[in-house]
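For reference, positions follow the sequence shown, starting with 1. Excluded from the calculations below are hydrogen atoms, water molecules and symmetry mates; all remaining heavy atoms, backbone and side chain alike, are included.
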Amino acid sequence: MKWFFACLAVALLAMMPVSGAHAFYGERDSIYYMQDDGEFSEEEMDLEAMYVYEQCTYNALQKVYFNCECISGAFRQEREKVGPYVPLSKIYSDLFRDNERGCANTTEIAGDNYKSCMEYARIAWARERNNEEYCGCVANRVAKDFAKEPYLRTKYIENLRLEAMSHCRRTPLSSR
């Protein structure tokens, strides 16, 4: 009998959501907000957009490479256009590939890449005199190239950095 209750307790615990560790996709979709009356009101769309904003700011990569307020606003516009039955995850992921909305956070991208470059240059090129100019070139190039074609994947971002580093090493300072 004790074994039965122990198994029951484990099964119940397994079914309970873990606070703070929710997966983003599927947690709070439009259906979540319509549960009380089956309607998707303006206020409920606003709540979903606020949820999108929170999720963006909790993600270390998203909040650097994208303006989360812009993503949230774009999400809200798209939700209104496509209706409540398109999954949140579909709209959300599409926004991170959309270069038309201009949500790339070029200032943060450039700052983050400049900092990373300077840390690398401090070790790799300690005797160089133009590391600030070089890293400025790298940072601005990554930001500009990412904004042209946003894609939130670490491998893609790393390729942008490598291309920028190569370009800025080859290009004379006066031509950058």
Side-chain angles (χ1 to χ4, degrees), residues 6-117 138-165:
C7 288
L8 181 62
V10 169
L12 289 174
L13 284 173
M15 293 186 327
M16 290 177 56
V18 179
S19 178
H22 296 300
F24 173 64
Y25 298 118
E27 277 300 316
R28 287 192 185 173
D29 220 330
S30 57
I31 305 304
Y32 171 86
Y33 295 99
M34 298 182 344
Q35 287 177 355
D36 61 340
D37 60 1
E39 298 290 322
F40 201 29
S41 69
E42 296 285 323
E43 294 81 22
E44 289 166 333
M45 282 190 250
D46 290 343
L47 287 172
E48 187 183 34
M50 286 178 11
Y51 176 69
V52 164
Y53 173 79
E54 290 171 3
Q55 294 306 307
C56 179
T57 60
Y58 292 149
N59 184 296
L61 199 58
Q62 288 174 2
K63 72 180 179 181
V64 169
Y65 280 83
F66 288 93
N67 178 320
C68 293
E69 289 175 2
C70 180
I71 289 292
S72 177
F75 178 88
R76 174 66 169 82
Q77 289 174 343
E78 195 63 22
R79 171 58 80 202
E80 195 163 16
K81 187 166 67 172
V82 300
Y85 300 110
V86 174
L88 180 148
S89 60
K90 167 78 171 109
I91 300 169
Y92 194 71
S93 64
D94 288 350
L95 291 174
F96 289 105
R97 294 295 311 254
D98 186 350
N99 59 351
E100 299 297 316
R101 301 215 190 237
C103 289
N105 194 352
T106 54
T107 303
E108 279 292 316
I109 295 168
D112 186 64
N113 280 279
Y114 181 81
K115 181 180 170 192
S116 295
C117 179
V138 169
N140 290 327
R141 178 132 183 144
V142 171
K144 183 181 74 167
D145 290 349
F146 185 86
K148 262 194 274 183
E149 192 173 339
Y151 184 45
L152 197 62
R153 294 289 180 266
T154 53
K155 186 164 182 71
Y156 173 72
I157 293 168
E158 190 58 36
N159 285 338
L160 289 179
R161 284 180 182 158
L162 292 173
E163 288 173 16
M165 290 172 82

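- With sequence neighbours excluded, the residues satisfying side-chain contact (heavy atoms from CB on, under 4.5 Å) with Glu42 are Met45, Arg76, Glu80.
- Nearest heavy atom pair, residue Ala110 against residue Ala139, reads O-CB, 3.1 Å.
- A pairwise comparison of heavy atoms in Val82 and Ile91 identifies CG2-CD1, 3.7 Å as the closest pair.
- Take Arg97 and apply the side-chain contact (heavy atoms from CB on, under 4.5 Å) test, not counting sequence neighbours, and it matches Tyr151.
- Note that CG of Leu152 is 12.0 Å distant from CG of Leu95, once rounded to the nearest 0.5 Å.
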*Yes or no on side chain to side chain contact (heavy atoms under 4.5 Å, CB included) for Val138 and Tyr114, after CA distance, side-chain angles and deciding distance?*
CA-CA 7 Å; Val138 169; Tyr114 181 81; over 6 Å; no
Run the side-chain donor-acceptor check on residues 66-74: report pairs under 3.5 Å with partners two or more places apart or on a different chain.
from  : atom 1 : to    : atom 2 : distance (Å)
Asn67 : OD1    : Glu69 : N      : 2.9
Asn67 : OD1    : Cys70 : N      : 3.0
Ser72 : OG     : Ala49 : O      : 2.7

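- For Arg141, the salt bridge (charged side-chain N to carboxylate O under 4.0 Å, His left out) partners are Asp145, not counting sequence neighbours.
- Remark: Thr106 OG1 to Asn140 CG distance equals 9.0 Å, nearest 0.5 Å.
- Using a 4.0 Å cut-off between charged nitrogen and carboxylate oxygen, Glu158 and Arg161 count as a salt-bridge pair.
- In this structure Asn105 satisfies the side-chain contact (heavy atoms from CB on, under 4.5 Å) test together with Thr107, Glu108, sequence neighbours excluded.
- In summary, the side chains of Tyr92 and Gln62 do present a donor paired with an acceptor at a separation below 3.5 Å, with no hydrogens or angles considered.
- Listed by chain and residue number, Arg101 satisfy the side-chain contact (heavy atoms from CB on, under 4.5 Å) test with Gln77 (two or more places apart in sequence, or in another chain).
- Within the model, atoms CD of Glu48 and CD of Glu44 stand 9.5 Å from one another, a figure rounded to the nearest 0.5 Å.
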